[in-house]
Amino acid sequence: MNPSFFRTTTEQGVASVVMNRPEKVNALDQQAWTEMKEVFDRLSEDPACRVVVLSGEGKHFCAGIDLAFLMQAGQQTQHDCEGRRREALRNMVLNLQAAINAIDQCKKPVIAMVHGACVGAGVDIVTACDMRYSTADAFFQVKEIDMGMVADVGTLQRLPRLIADGIARELCYTGRKMPGSEAEKYGLVNAAYSTTVELKTRVEEVARNISAKSPLSIRGTKEMLQYGRDHSIEDGLRYIATWNAAMLLSEDLAKAVQAAMTKSGQPEFRD
């Protein structure tokens, strides 16, 4: 196998995941899609990981799916039976969706740190993250419409939940580039910074803040936010009641209460 598409390191609870194919603008080939699911499934269960920061090596965050892989994958679905050919194509799309879903379903918060281009599948990736920060001159583009296809691995489902429906539709129908400064205005990114240095400093600050919290509470909070996104308020309230009936009385709660009562500062929680 070629060198890993993703470079991963974990330090003090913060996992850094870097797309590492800068010579191809971090375009996602077959290896990238396979590794993406493996990496985020592993970090989801890794006790040493409390929060994930996702970024791209080189001048751009991600140029989207590798077109050579896309054409090759389409050819691999050839079959003399049309029904089986269509089933194989559907399964291919579902496998790509599973890689993006692994980010969304990761039990740890995932922060996207975007610079340069975030195009096509890059938008699928960042919309599956918990938070997004960018440089002001970065840009986001739903490129699939210009390729004569319908985006099929998550953007059309997640983007309208993050920004105003009309703006999401404009981006998806026109394929125009939305700069980071505008993405901040519409809430696609939490904040847009003038330099990559400022961006990195802020994201590291947020990640360290999260990593210092109770891991049990962070996991529960993400679980509730994801569940609430997809269910009614009443369903969400019933779920958190059951969750806390099981999880509330933890050593993390005892440590936090003791620290607050004694004013002894930030407590340290085990992985």
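Values in this document were obtained by computation on a predicted structure and should not be read as measured data. Computed from heavy atoms alone, side chains included, the values below leave out hydrogens, waters and symmetry copies.
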Student check: side-chain heavy atoms of C49 and R42 closer than 4.5 Å:
no
State, with a plain yes or no, whether a side-chain heavy atom of L225 is found less than 4.5 Å away from one of D130.
no
R132 side chain to L188 main-chain N or O, any donor-acceptor pair under 3.5 Å?
yes
Could you see if L94 belongs to whatever hydrophobic cluster contains L89? Use Ile, Leu, Val, Met, Phe, Trp, Tyr and a side-chain cutoff under 4.5 Å.
no
First locate atom CD1 of I218, then atom NZ of K108, and finally report the distance between them rounded to the nearest 0.5 Å.
11.0 Å
Between D124 and D152, does the side chain to side chain contact (heavy atoms under 4.5 Å, CB included) criterion hold? Intermediate values first, please.
CA-CA 9 Å; D124 293 307; D152 57 5; over 6 Å; no
Is it true that a side-chain atom of K222 and a backbone atom of C106 form a donor plus acceptor pair closer than 3.5 Å?
yes
Working note: R219 + M247, criterion side chain to side chain contact (heavy atoms under 4.5 Å, CB included); need CA distance, chi angles, decisive distance, verdict.
CA-CA 11 Å; R219 288 202 304 276; M247 306 291 188; over 6 Å; no
Side chain to side chain contact (heavy atoms under 4.5 Å, CB included) for I100 and L96? Distances and angles first, verdict last.
CA-CA 7 Å; I100 302 293; L96 299 183; over 6 Å; no
Check for a donor-acceptor pair, side chain of T8 on one end and backbone N or O of V17 on the other, with a separation under 3.5 Å.
no
Nearest 0.5 angstrom please: C62 SG to H115 NE2, how far?
11.0 Å
Grouping I, L, V, M, F, W and Y whenever their side-chain heavy atoms are under 4.5 Å apart, do M131 and L43 come out in a common cluster?
no
Taking all non-hydrogen atoms of both residues into account, name the closest pair between S264 and Q258 and its distance.
OG-O, 4.5 Å
I145 and M178: same hydrophobic cluster, using ILVMFWY side-chain contacts below 4.5 Å?
no
Under a 4.5 Å cut-off applied to non-hydrogen side-chain atoms, are V189 and V114 in contact?
no
Mind checking the CD-OG spacing from E35 to S4? Nearest 0.5 Å is all I need.
4.5 Å
Would you give me the side-chain donor-acceptor pairs under 3.5 Å for residues 51-59, sequence neighbours excluded?
from : atom 1 : to : atom 2 : distance (Å)
E57  : OE1    : R7 : NH1    : 3.2
E57  : OE1    : R7 : NH2    : 2.9

Side-chain donor or acceptor of Q141 paired with backbone N/O of G175 under 3.5 Å:
yes
If you define the side chain from C-beta out and look only at heavy atoms, does anything of V119 sit under 4.5 Å from F139?
yes
Check ion pair D66-K24 (N to O, under 4.0 angstrom)
no
What's the verdict on salt bridge (Lys or Arg N to Asp or Glu O under 4.0 Å) for E87 and R90, showing C-alpha distance, side-chain angles and the deciding distance?
CA-CA 5 Å; E87 181 183 40; R90 180 176 185 270; over 6 Å; no
Heavy atoms only: give me the nearest D271-A48 pair and the separation to one decimal.
OD2-CA, 3.7 Å
Atom pair NZ/OG1 of K213 and T221 - distance to nearest 0.5 Å
11.0 Å
Any non-hydrogen side-chain atom of M147 less than 4.5 Å from a side-chain atom of L67?
yes
Would E82 and R86 count as a salt bridge (Lys or Arg N to Asp or Glu O under 4.0 Å) here? Give the steps.
CA-CA 6 Å; E82 188 67 12; R86 299 299 178 179; 2.7 Å; yes
Between D104 and the options R161, K37, R158, the salt bridge (charged side-chain N to carboxylate O under 4.0 Å, His left out) test singles out R158
Straight-line distance of R50 CZ to R208 CZ, nearest 0.5 Å
14.5 Å
Once ring-ring contact (aromatic ring centres under 6.0 Å, His included) is applied, do any residues pair with Y227, and if so which ones, sequence neighbours excluded?
H231, Y239
Give a yes or no on this: more than 12 heavy atoms of other residues, nucleotides or ligands lie within 6.0 Å of atom CD of Q12.
no
Closest non-hydrogen atom pair between F5 and Q31, with its separation
N-NE2, 3.8 Å
Test your reading of the model: is there a side-chain donor-acceptor pair from K107 to the backbone of E45, 3.5 Å cut-off?
no
Decide, yes or no, whether a salt bridge links R238 with E234 under the criterion of side-chain N to carboxylate O below 4.0 Å.
yes
To which residues is F269 joined in a hydrophobic cluster, defined by side-chain heavy-atom contacts under 4.5 Å among Ile, Leu, Val, Met, Phe, Trp and Tyr, whether direct or through other members?
none
Answer yes or no: is there a side-chain heavy-atom contact under 4.5 Å between R21 and D29?
yes
Would you say the side-chain atoms of N95 pair up with the backbone N or O of N91, donor to acceptor, closer than 3.5 Å?
yes
Under 4.5 Å between any side-chain heavy atoms of I210 and I111, yes or no?
yes
Counting heavy atoms not belonging to K200, are there more than 12 under 6.0 Å from its NZ?
no
With a 3.5 Å distance limit and no angle check, can you tell me whether Q226 reaches the backbone of Q105 through a side-chain donor-acceptor pair?
no
Heavy atoms from other residues, nucleotides or ligands near CZ of R176 exceed 12 (cutoff 6.0 Å)
yes
Within a strict 4.5 Å, meaning less than it, do heavy atoms of the L171 and F140 side chains meet?
no
Following the transitive rule for hydrophobic clusters with a side-chain heavy-atom cut-off under 4.5 Å over Ile, Leu, Val, Met, Phe, Trp and Tyr, establish whether V126 and I167 coincide in one cluster.
yes
Could you tell me whether K185 and E182 make a salt bridge, using a distance below 4.0 angstrom between a side-chain N and a carboxylate O?
no
Counting only heavy atoms from other residues, nucleotides and ligands, does the tally under 6.0 Å from CD of E11 exceed 12?
no
Determine the minimum heavy-atom distance between A102 and D41, stating which atoms define it.
CB-OD1, 3.7 Å
Report yes or no: does E198 contribute a side-chain atom to a donor-acceptor pair with the main-chain N or O of Y193 at less than 3.5 Å?
no
